[in-house]
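Okay, structure first, notes after.
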Amino acid sequence: MSGSTPRRPVRRRTFVLGAVAAGSAALAGPLAAPAAAAGFGWSDDGSHYVVDTGAQLVFKVSKSNGDLTSLVHRGVEYQGYGGMNSHVESGLGASTVTIRQSGATILISVAHGTLRHYYAARSGENNVYLWTDKADASVSATRYIVRVRKGLFRNDEPDSYTYTDRTVEASDVFAKSDGQTRSKHYSKLRVIDYTHTGWSTGSVGLWVVRSNHEKASGGPFYRSLLRHQSADGGGLYEILYYGQNQTEAQRFGLQGPYVIAFTDGGAPSSSLFPGTLTTPWADSLGIPGYVGAGGRGRVAGVGITGRNTAYPYTVGLANAAAQYWGPARASDGHFSIGGVLPGTYTLTVHKGELAVHSTQVTVSAGATTTLNTLAIPSSNDPSNASAIWRINDWTGTPSGFKNADLMTYAHPSDVRAAAWTGNVVIGDGGEAAAFPCYLWKDVNSGLLVYFRLTAAQAAAAHTLRIGVTTAYANGRPQVVVNDTWTSAIPSPPTQPNTRSLTNGSYRGNNHTFTYSVPASAWLTDTGRYNVLRINVVSGSGTTGFLSAGTSIDAIDLLA
């Protein structure tokens, strides 16, 4: 089984699977012309287990700590920079490492305390399959980093800082001489947006294909670092639990496989992608916690009514043990989510990233749970409320506001950002584009919104709503109307307690602040503008872009 040792002690001997037929080329994944598998096998050099996939990929795993210490493809060493290896976290330390060959599969098992990690190779493939099984919080986070030698994949992307060493925040946000910013945090992408990350020279590609993230935390819209590049080398990540801007507790258990894949320069084969990858060959490896396709179920819904078809809808499943998601079809809201572990889940329908409906669903192994049409109650979507005016629509994101798109791959100080200050006039047609996506206590607190009311509107009390997607240092809005009425300071909602607005993420917990504004606050002269001032209040934070702040979803004044 996966944790067993070879039948006979082995040292500096080689095991080769020489009977693999040429037909195994079909297993070669993304390479157009995979090498012959005649060299498939493993050896023990005394310090490492050395695995040859038979497809011009040879890798080594340390017998003392489970680090991946060498990754040679077509004779080129890709692994390592700064004297560091590729590994779980920053390296596990002393571990028990064993190896087992089962036909066309070689499995290396790493045991460190309560954590288990696995490497698998398949004959004729240019891939390394990995699983990580975290049983508890004795290891602080859950990530695997592939460390790549310098000079192999040069680039100048948002998540690269190859060409600069001037920091603008902490030790991980950098500024180039032209004023653009770079950081490993600036991936642009949510988990739902990508299947793989890596680099290509045009003739060779090195990729990490993510797992289905069923044991990860944060949901489909979570953002985390995916890769980085510097003058010293690069890193590719599979991150399952990360403390930055995290909205959920850790999930524990076996996660994977995720894949280190080499190609001839193109993207990795879609057969390796989450939701597509099947691993029947792993069913018999004896990996504790592994659940094959036969032990999983599916949830399917015939449709969703009450949608705003201008926006994408996502259906998520989550409980304390696992999470899954899938798109709702634009035409009718049909959805199907497969590969689900048995259990009872909260099913949530998201308009954009805003939860607008939830229910419970139970999944059984080998079965499909079919749901009748889900109806989103009109009151669950705040966009359906009648408003005198509204800035942006309610989607659970700051998309559409000034600088919103840039903030997923740049620091707020980036030269490409429009001025964070400036006021807004309702009715000029550019309200959302003029309103900054983020507000900070020390940067643009006190932003003014000008609007007119009819005599009938000014004679009544109204509810003002401000939706936010996250906050830093408990930043939250307090409002002043016409310098005559000031709202109470609202209590801070539960939000992540780490950086967010400056490291590429607006994703926290969506929350709506409501303010009951009395009729006495409005101007009775219908020709004059009422003035709404939005202040950011908090007793926490520091200065500048690290002062207390919040990300805005939408603002409206209800009729």
Side-chain angles (χ1 to χ4, degrees), residues 158 166-170 172-176 178-183 185-186 188 223 245 390-393 395-426 428-451 464 466-480 492 495-496 498-508 511 513 531-556:
R166 182 171 67 87
T167 58
V168 295
E169 182 179 302
D172 58 5
V173 182
F174 300 82
K176 295 176 59 179
D178 63 3
Q180 292 191 14
T181 52
R182 300 287 187 266
S183 175
H185 298 288
Y186 297 152
K188 298 185 181 182
R223 296 177 190 271
N245 214 34
R390 176 171 291 139
I391 307 176
N392 219 10
D393 203 357
T395 63
T397 79
S399 179
F401 281 127
K402 182 165 62 174
N403 293 329
D405 291 342
L406 179 66
M407 288 301 95
T408 63
Y409 59 93
H411 190 267
S413 65
D414 194 288
V415 68
R416 292 167 290 179
W420 287 102
T421 54
N423 301 320
V424 178
V425 179
I426 301 297
D428 71 359
E431 296 92 340
F435 198 105
C437 62
Y438 298 162
L439 299 176
W440 289 273
K441 184 178 180 180
D442 200 38
V443 175
N444 53 0
S445 180
L447 183 140
L448 302 180
V449 178
Y450 295 88
F451 59 96
L464 175 74
I466 301 179
V468 302
T469 71
T470 194
Y472 176 68
N474 286 331
R476 62 242 193 234
Q478 182 186 37
V479 300
V480 180
Q495 296 289 6
T498 60
R499 288 181 301 163
S500 54
L501 308 180
T502 59
N503 67 359
S505 179
Y506 56 76
R507 179 74 276 130
H511 179 81
F513 294 95
V531 182
L532 169 70
R533 176 182 289 110
I534 304 174
N535 296 321
V536 177
V537 295
S538 175
S540 304
T542 57
T543 60
F545 295 113
L546 289 178
S547 63
T550 191
S551 169
I552 307 298
D553 176 11
I555 303 172
D556 56 22

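The figures here come from the full heavy-atom set of this structure, side chains too, leaving out hydrogens, waters and symmetry mates. Bear in mind the structure is a predicted one, so any value in this text is a computation, not a measurement.
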Can you find a pair of side-chain heavy atoms, one from [X] and one from [Y], that are under 4.5 Å apart?
X      : Y      : result
Asp553 : Tyr506 : no
Val449 : Ile555 : no
Leu532 : Phe451 : yes
Leu439 : Ser445 : no
Leu546 : Thr502 : yes
Phe545 : Val443 : yes
Val479 : Leu464 : yes
Arg507 : Thr470 : no

Roughly how far, to the nearest 0.5 Å, is the [atom2] atom of [Y] from the [atom1] atom of [X]?
X      : Y      : atom1 : atom2 : result
Arg416 : Leu406 : CZ    : CG    : 5.5 Å
Asp414 : Ser183 : CG    : OG    : 12.0 Å
Glu169 : His185 : CD    : NE2   : 8.5 Å
Tyr472 : Ser551 : OH    : OG    : 15.5 Å
Phe513 : Ile534 : CZ    : CD1   : 12.0 Å
Lys441 : Asn535 : NZ    : CG    : 10.5 Å

Candidate pair Tyr450 and Ile426, rule side-chain contact (heavy atoms from CB on, under 4.5 Å), full reasoning: CA-CA 6 Å; Tyr450 295 88; Ile426 301 297; over 6 Å; no
Does a donor on one side chain and an acceptor on the other come within less than 3.5 Å for [X] and [Y]?
X      : Y      : answer
Arg476 : Gln478 : no
Ser505 : Asn245 : yes
Asn444 : Thr421 : no

Please give me the minimum heavy-atom distance between [X] and [Y], naming the atom from each residue.
X      : Y      : result
Thr181 : Ser413 : CG2-OG, 4.1 Å
Leu447 : Pro436 : CD1-CD, 3.3 Å
Ser500 : Ala471 : OG-O, 4.1 Å
Ala473 : Ser540 : O-CB, 3.5 Å
Pro412 : Ala417 : O-CB, 3.8 Å
Ala404 : Ser399 : CB-CA, 4.0 Å

Main-chain N/O of Ser547 paired with Thr543 side-chain donor or acceptor, under 3.5 Å: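 Not a single qualifying donor-acceptor pair exists.
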With Ile466, the side-chain contact (heavy atoms from CB on, under 4.5 Å) member among Asp556, Ile552, Thr550: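 That would be Ile552.
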Ring geometry between Trp420 and Tyr438 (parallel below 30°, tilted from 30 to 60°, perpendicular above 60°):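 The arrangement is parallel - the two ring planes meet at less than 30°.
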Salt bridge (Lys or Arg N to Asp or Glu O under 4.0 Å) between Asp172 and Arg499, intermediate numbers included: CA-CA 12 Å; Asp172 58 5; Arg499 288 181 301 163; 2.8 Å; yes
Worked verdict on Arg223 versus Thr408 for side-chain contact (heavy atoms from CB on, under 4.5 Å): CA-CA 9 Å; Arg223 296 177 190 271; Thr408 63; 3.5 Å; yes
side-chain contact (heavy atoms from CB on, under 4.5 Å) between Tyr186 and Met407, intermediate numbers included: CA-CA 9 Å; Tyr186 297 152; Met407 288 301 95; over 6 Å; no
Steps toward side-chain contact (heavy atoms from CB on, under 4.5 Å) verdict (Val424, Ile391): CA-CA 10 Å; Val424 178; Ile391 307 176; 4.2 Å; yes
Those residues that, when tested against Asn392, pass side-chain hydrogen bond (donor to acceptor under 3.5 Å, both in side chains) (two or more places apart):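 Expected list: none.
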